[in-house]
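Worksheet: the structure to be examined is printed underneath.
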Amino acid sequence: MSETTSATEPQQTATQKYTAELAARIEARWQDEWERRGTFQAANPAGSLAGPGATARPPAYIMDMFPYPSGAGLHVGHPLGYIATDVYSRYLRMTGYNVLHTLGYDAFGLPAEQYAVQTGTHPRVTTEANMVTMRAQLRRLGLGHDSRRSVATIDPGFYRWTQWIFLKIFESWYDPEQDRARPIAELVEEFASGARPVPGGRPWGELDAVERSAVLDDHRLAYVKEAPVNWCPGLGTVLANEEVTADGRSERGNFPVYRASLRQWMMRITAYADRLLDDLDLLDWPEAIKLQQRNWIGRSEGARVEFRLDAAGGEDDKIVVFTTRPDTLWGATYMVLAPEHPLVDRMVPARWPEGTREAWTGAAPTPAAAVATYRRQAAAKSDVERQAEAKDKTGVFTGAFAVNPVNGERIPIFIADYVLMGYGTGAIMAVPAHDHRDFAFARAFELPMRCVVQPGDDRGQDPRTWDDAFVSHDARIVNSSGSDISLDGLGVAEAKARITAWLAERGIGEGTVNYRLRDWLFSRQRYWGEPFPIVYDEDGVPHPLPASMLPVELPEIDDYAPRTFDPDDADSRPETPLSRNKEWVEVTLDLGDGPRQYRRETNTMPNWAGSCWYELRYLDPDNDERLVDPEVERYWMGPRTTGGSGGADLYVGGAEHAVLHLLYARFWHKVLYDLGYVSSREPFHRLFNQGMIQAYVYRDERGFPVPATEVVEEDGGFWHDGQPVRRELGKMGKSLKNSVTPDEICAEYGADTLRLYEMAMGPLDVSRPWETRAVVGSYRLLQRLWRNVVDEATGEVVVTDEEPDEETLRALHKAIDGVRADMEGLRFNTAVAKVTELNNHLTKRGSVPRSVAEPLVLMIAPLAPHIAEELWRRLGHTESLAHEPFPVADPALVQDPTVTCVVQVKGKVRARIEVPATIGDGDLEALALADPAVRRALGDAQVRKVVVRAPRLVNVVPG
RNA sequence: GCCCGGGUCGCUCAACGGCAGAAGCAACCGCCUUAAAAGCGGACAAGUGCGGGUUCGAAUCCCGCCCCGGGCACCA
């Protein structure tokens, strides 16, 4: 620093005024100091991170959703949630909690790999560089993370445990009787001892290794299966259902997705469908997210019903359908199978039956030809096309008939793509009178309809005159009588129960529950993911590697790019990058019966794997013996109440993970719970979805975005380079040329200003537009706060030792009371307003008593921690205020001794009177009625009624 | 089409069924300054998307619409 001090520009002024430069110095100093002191280290009750804080204070576990380290760098929208959790964590720390808050990196997966491929650099290099950048950007914001606990999914020390959990899942099965996962060894024992019958009927001892493996694969929670999967040639990998959008494209990259039958790893998440559904009730989550999970799981109760095939050759094949409306069985006038239903080939007769209508045949000479043609057409159709054509039903007659079990009627069987192989049994009974889709199909193919539910309107019972099906669950059944059963006159619910029982008695049906949720496709044909800890022997039987061989490290190879294809090439097939590496794939291992040749699994895990359990590793990141010490897990995540779900106390993130990450993580957590590794039934007890920070996008006349910073507002319009531009609200991002980075804002105003502004701009859960020019408001608040404590000319502390006047004292305690409530409710915007209000009061007052300045500094500390620490230090304290008790309001000072009572006459305000806050209803009424303005307003009218809400309001109703 | 959110001064946002205003931005007027910026101070500003209803009293509760955002959508 220069020694010379010019007269016109005193050095003191320059250094003691709260400018961006001073803020930057203060912020850097405190960030260093927090790091040096380990201020935000949270003590565990045991293990390497054990400390006394764990027993002295109650635990609070605050989490942000696991970010992937973006190569594009952060914009101001990204840290919104991180700032919010930091504010909340700092608040909790000051109210006596042992707070665990950290942030790690979800660094495997498609985004990281795509960025690497784009830049032509190995994903490990780019990902690690991105993590360094992101850590630096976030450190600049002063986030109080316990950096010892920051994990990255790509570290072998982390994914060793991801693989370990995979093995546990692989070596488990779901026991529906005990309703939990159990080790597969216990199932083998039951098979071996005969306690449980072996599927197929042969004794366990007689099965060879391949047969045993096949039997166990049908039970394992992680298993390999040949099944129709979502193949995305443009990405070169298969995808989970959750990663495919409703219109049949990949969520990432928006490429077409095709159905292809491939041998892939699956996770038996369907075994947990009911628990994933039921346990939502234990969670403090937004209803919207719970609803999305419920919809995704899609539990529906109904019945399976068997329809006998009425084949000319007398074959006794049965078609099993799932229906939610068994009560409408009498209305079933035809059947529909999914085009790829396996029974179709067996049922088609050699030629069209007598009297087959032309429209049913698809103009084909034989049923087999019609089926083949239709199947080809259906397979060629993308999901998008199918969606678009949903209203125009297509299909062909198979030439076969089935028998309706309730009335013996012979009904034709069709195939049509509106029936999906993947849902239910892939076959339906069609009740055109009471189902919109069946109605449309029946109209198109001139199929008969029968009304079996009495319409609630005046349309009558003849479906031929209807415009659409009549669908209701609140109506009476009609036209539904057989020789030994009748549903006529019953309500829907009762009719369902009656017919289900009738079907069950005859062994041709049963009540059942069906789910929309399917098993989770878990393998990806990508390089940048966790390798599976699985090897195959020469018979193709998968063998789990022992835990001692973990981690199976990802080999460092140059040829890591996925084999991608023309996005529209439906016939392409995936190739795993790891399979190119022969010396890695072929291994000799001793898995217990001597050294043998094995072949490694060359698929990798999806990027969801690491985020399925990372919340557990934060707790005990250095543990080499276990994924987490049970005592440590119980301390941080165990149920806080009897029967509670347990899990992190707060989880903040975007709503876009409603059915992906949040469903998968819940599933893994429940498996670990069943196997006894965790005490919590759920990973995240409270979930909060933060809104998005939006930004204005300015487009020129061609519709291209122009740089938002170059746009000027004039004459009520927006202009760029003299040309008019349109303004719209959108996301923030480089492509829309409206990105604002936290680095820019920090440089111009400091991190505390940025934090304060982000918290002040609106409620956390609401999306709102960013406005850079409004940031200065938060900056001014901090400057006024600074000046209330420090003389910016001399740097001297200016607080006084005077006793505050009563008004100031009341303002302080009202602020404390309000800020506490707002902090607890995550209403940081109103908390900032209350702090501002108090600070404005002090500014106007002229001098600031120390006894008010100190609690004010403590109150703003969670929001603007650096300036608060600096002022605290200057006020004479030597310790960081991070663990200083948050101010407590004196209830006597929160309420004013007198309040303004509003007196209304017929709801209109006619008078205001000052009354004691403790005034009774009677006294207040008397006072109000005596008020001259009230008497004037009443005039001659009689008083009919007086509503008194002491001490705030009296309403006089004249009669 | 169905299901969630949300419409309050010019803008972002507050308001246990009880005086429409906590706070910030912008514009405006002052103060400070040779001047400008910054800073400081002040005043202005909407009757709560529309139409009904309940109530002594509605931004708030109920019903029906409109607009914006998000999710789901041939799931039997």
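Just the heavy atoms: all of them, side chains too, but no hydrogens, waters or symmetry mates, feed the values below. Residue numbers start from 1 in every chain, and the chains themselves are labelled A, B, ... in the order their sequence lines are given, proteins ahead of strands.
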Review point. Would the number of heavy atoms belonging to other residues, nucleotides or ligands and lying under 6.0 Å from NZ of Lys290(A) be above 12?
Key: yes
Point to revise | Residue Arg784(A), side-chain heavy atoms: nucleotide from A22(B), C40(B), C4(B) that is nearest | key: C40(B)
Point to revise | Nearest-Å distance once atom C1' is located in both G49(B) and A43(B) | key: 30 Å
Review point. For the pair made of CG in Asn788(A) and P in C40(B), what is the distance, rounded to whole Å?
Key: 11 Å
Check your understanding: Phe322(A) has a side chain; which of C40(B), A23(B), A76(B) sits nearest to it?
Key -> A76(B)
**Study point:** Residue whose closest nucleotide on RNA chain B lies nearer the 5' end, Leu420(A) versus Asp765(A)
**Key:** Asp765(A)
Point to revise | side-chain contact (heavy atoms from CB on, under 4.5 Å) partners for Arg518(A), two or more places apart | key: Asn241(A), Arg259(A)
Review point. Can you check the Leu729(A) CG to C68(B) P distance for me, whole Å?
Key: 13 Å
Exercise for review: Give the C-alpha distance, both sets of side-chain angles, the deciding distance and a yes or no for side-chain hydrogen bond (donor to acceptor under 3.5 Å, both in side chains) between Trp296(A) and Glu242(A).
Suggested key: CA-CA 9 Å; Trp296(A) 189 262; Glu242(A) 290 80 5; 2.9 Å; yes
Review point. The side chain of Thr324(A) lies closest to which of these nucleotides: A76(B), C3(B), C56(B)?
Key: A76(B)
Point to revise | Electrostatic pair Lys814(A):Asp896(A) at N-O distance under 4.0 angstrom | key: yes
Point to revise | Within residues 411-423 of chain A or reaching into it, pairs that qualify as side chain to side chain donor-acceptor pair (under 3.5 Å) - sequence neighbours excluded | key: Ser300(A)-Tyr423(A), Tyr334(A)-Tyr418(A), Tyr374(A)-Asp417(A), Lys381(A)-Asp417(A), Tyr418(A)-Asp438(A), Tyr423(A)-Asn514(A)
**Study point:** Where the chi angle of G47(B) falls, syn if within 90° of 0 and anti if not
**Key:** syn
**Study point:** Separation between the C1' atoms of C16(B) and C9(B), rounded to whole Å
**Key:** 24 Å
Point to revise | Rounded distance in Å between the P positions of G24(B) and A20(B) | key: 22 Å
Practice item. Taking ring pair (Phe, Tyr, Trp, His ring centres under 6.0 Å) as the test, write out the residues that go with His813(A), two or more places apart. Key: none
**Study point:** U8(B) to G71(B) separation - P atoms, rounded to the nearest Å
**Key:** 23 Å
Review point. Which residues pass the side-chain contact (heavy atoms from CB on, under 4.5 Å) test with Val902(A), sequence neighbours left out?
Key: Gln904(A), Val909(A)
Review point. How long is the line joining OH of Tyr779(A) and C1' of A38(B), in whole Å?
Key: 9 Å
Exercise for review: Would you mind telling me which of C56(B), C3(B), A22(B) lies closest to the side-chain atoms of Val957(A)?
Suggested key: C56(B)
Check your understanding: Quick one: Leu782(A) CG to G39(B) P, roughly how many Å, whole number?
Key -> 13 Å
Review point. Any side-chain N or O of Lys834(A) under 4.0 Å from OP1/OP2 of A22(B)?
Key: no
Exercise for review: Pick the P atom in A58(B) and in A45(B), then give their distance to the nearest Å.
Suggested key: 24 Å
Check your understanding: Say you pick atom P in G7(B) and the same atom in C13(B); how far apart are they, in whole Å?
Key -> 9 Å
Exercise for review: Assess the side chains of Glu510(A) and Thr500(A): does a donor N or O sit below 3.5 Å from an acceptor N or O?
Suggested key: no
**Study point:** Carboxylate-amine/guanidinium contact Glu301(A) Arg299(A), below 4.0 Å
**Key:** yes
Study note, to complete from the structure: Base-pair string, RNA chain B, Watson-Crick plus G-U, cut-off 3.5 Å on both distances, | for inter-strand, is (((((((..((((....[..).)))..((((.......))))......(((((..]....))))))))))))....
Exercise for review: Answer with base, sugar-phosphate or nothing: what part of the nucleic acid does Ala774(A) contact at a heavy-atom distance below 4.0 Å?
Suggested key: sugar-phosphate
Exercise for review: Looking only at side-chain atoms of Thr323(A), point me to the closest of C25(B), G71(B), A76(B).
Suggested key: A76(B)
Review point. Starting at CD of Glu748(A) and ending at C1' of A38(B), how long is that distance when rounded to a whole Å?
Key: 13 Å
Check your understanding: Taking only N and O in the side chain of Asn839(A), is any of them less than 4.0 Å away from OP1 or OP2 of A23(B)?
Key -> no
Exercise for review: Tell me what Val321(A) touches on the nucleic acid: a base, only sugar-phosphate, or nothing, going by heavy atoms under 4.0 Å.
Suggested key: nothing
Check your understanding: Considering only the C1' atoms, how many Å lie between C61(B) and A22(B), rounded to the nearest integer?
Key -> 25 Å
**Study point:** Asn689(A) CG - G70(B) C1' separation (whole Å)
**Key:** 11 Å
Study note, to complete from the structure: In 5'-to-3' order, the base (B), backbone-only (S) or no-contact (-) status of each nucleotide in nucleotides 9-21 of chain B, using a 4.0 angstrom heavy-atom cut-off, is ---SSS---BB--
Check your understanding: What distance, rounded to whole Å, do you find between the two P atoms, one in A59(B) and one in A15(B)?
Key -> 15 Å
Check your understanding: When the distance from NZ of Lys290(A) to P of C72(B) is rounded to whole Å, what number comes out?
Key -> 20 Å
All N/O donor-acceptor pairs, side-chain side in residues 942-959 of chain A, below 3.5 Å, sequence neighbours left out:
{"residue": "Asn955(A)", "atom": "OD1", "partner": "Gly907(A)", "partner atom": "N", "Å": "3.1"}

Check your understanding: Taking for each residue the nucleotide of RNA chain B bearing the nearest heavy atom, is the 5' side occupied by Gly422(A) or by Val956(A)?
Key -> Val956(A)
Give every donor-acceptor pair under 3.5 Å between a side-chain atom in residues 815-828 of chain A and any protein atom, sequence neighbours left out.
{"residue": "Arg820(A)", "atom": "NE", "partner": "Pro887(A)", "partner atom": "O", "Å": "2.8"}
{"residue": "Arg820(A)", "atom": "NH2", "partner": "Phe886(A)", "partner atom": "O", "Å": "3.1"}
{"residue": "Arg820(A)", "atom": "NH2", "partner": "Pro887(A)", "partner atom": "O", "Å": "3.3"}
{"residue": "Asp822(A)", "atom": "OD1", "partner": "Arg827(A)", "partner atom": "NE", "Å": "3.3"}
{"residue": "Asp822(A)", "atom": "OD1", "partner": "Arg827(A)", "partner atom": "NH2", "Å": "3.3"}
{"residue": "Asp822(A)", "atom": "OD1", "partner": "Thr830(A)", "partner atom": "OG1", "Å": "3.3"}
{"residue": "Asp822(A)", "atom": "OD2", "partner": "Thr830(A)", "partner atom": "OG1", "Å": "3.0"}
{"residue": "Asp822(A)", "atom": "OD2", "partner": "Ala831(A)", "partner atom": "N", "Å": "3.3"}
{"residue": "Asp822(A)", "atom": "OD2", "partner": "Lys834(A)", "partner atom": "NZ", "Å": "2.7"}
{"residue": "Glu824(A)", "atom": "OE2", "partner": "Tyr91(A)", "partner atom": "OH", "Å": "2.5"}
{"residue": "Arg827(A)", "atom": "NH2", "partner": "Ala821(A)", "partner atom": "O", "Å": "3.3"}

Review point. Nearest of C25(B), A22(B), A23(B) to any side-chain atom of Glu837(A)?
Key: A22(B)
Review point. Of the candidate nucleotides C40(B), G24(B), A76(B), which contains the atom at the shortest distance from the side chain of Arg787(A)?
Key: C40(B)
Review point. Looking at residues at least two apart in the chain, or sitting in another chain, which of them share a ring pair (Phe, Tyr, Trp, His ring centres under 6.0 Å) with Tyr18(A)?
Key: Trp786(A)
Check your understanding: Within the structure shown, what part of the strands sits under 4.0 Å from Thr425(A) by heavy-atom distance: base, sugar-phosphate, or nothing?
Key -> nothing
Check your understanding: Taking atom P of C40(B) as reference, at what distance in whole Å does atom NZ of Lys844(A) sit?
Key -> 12 Å
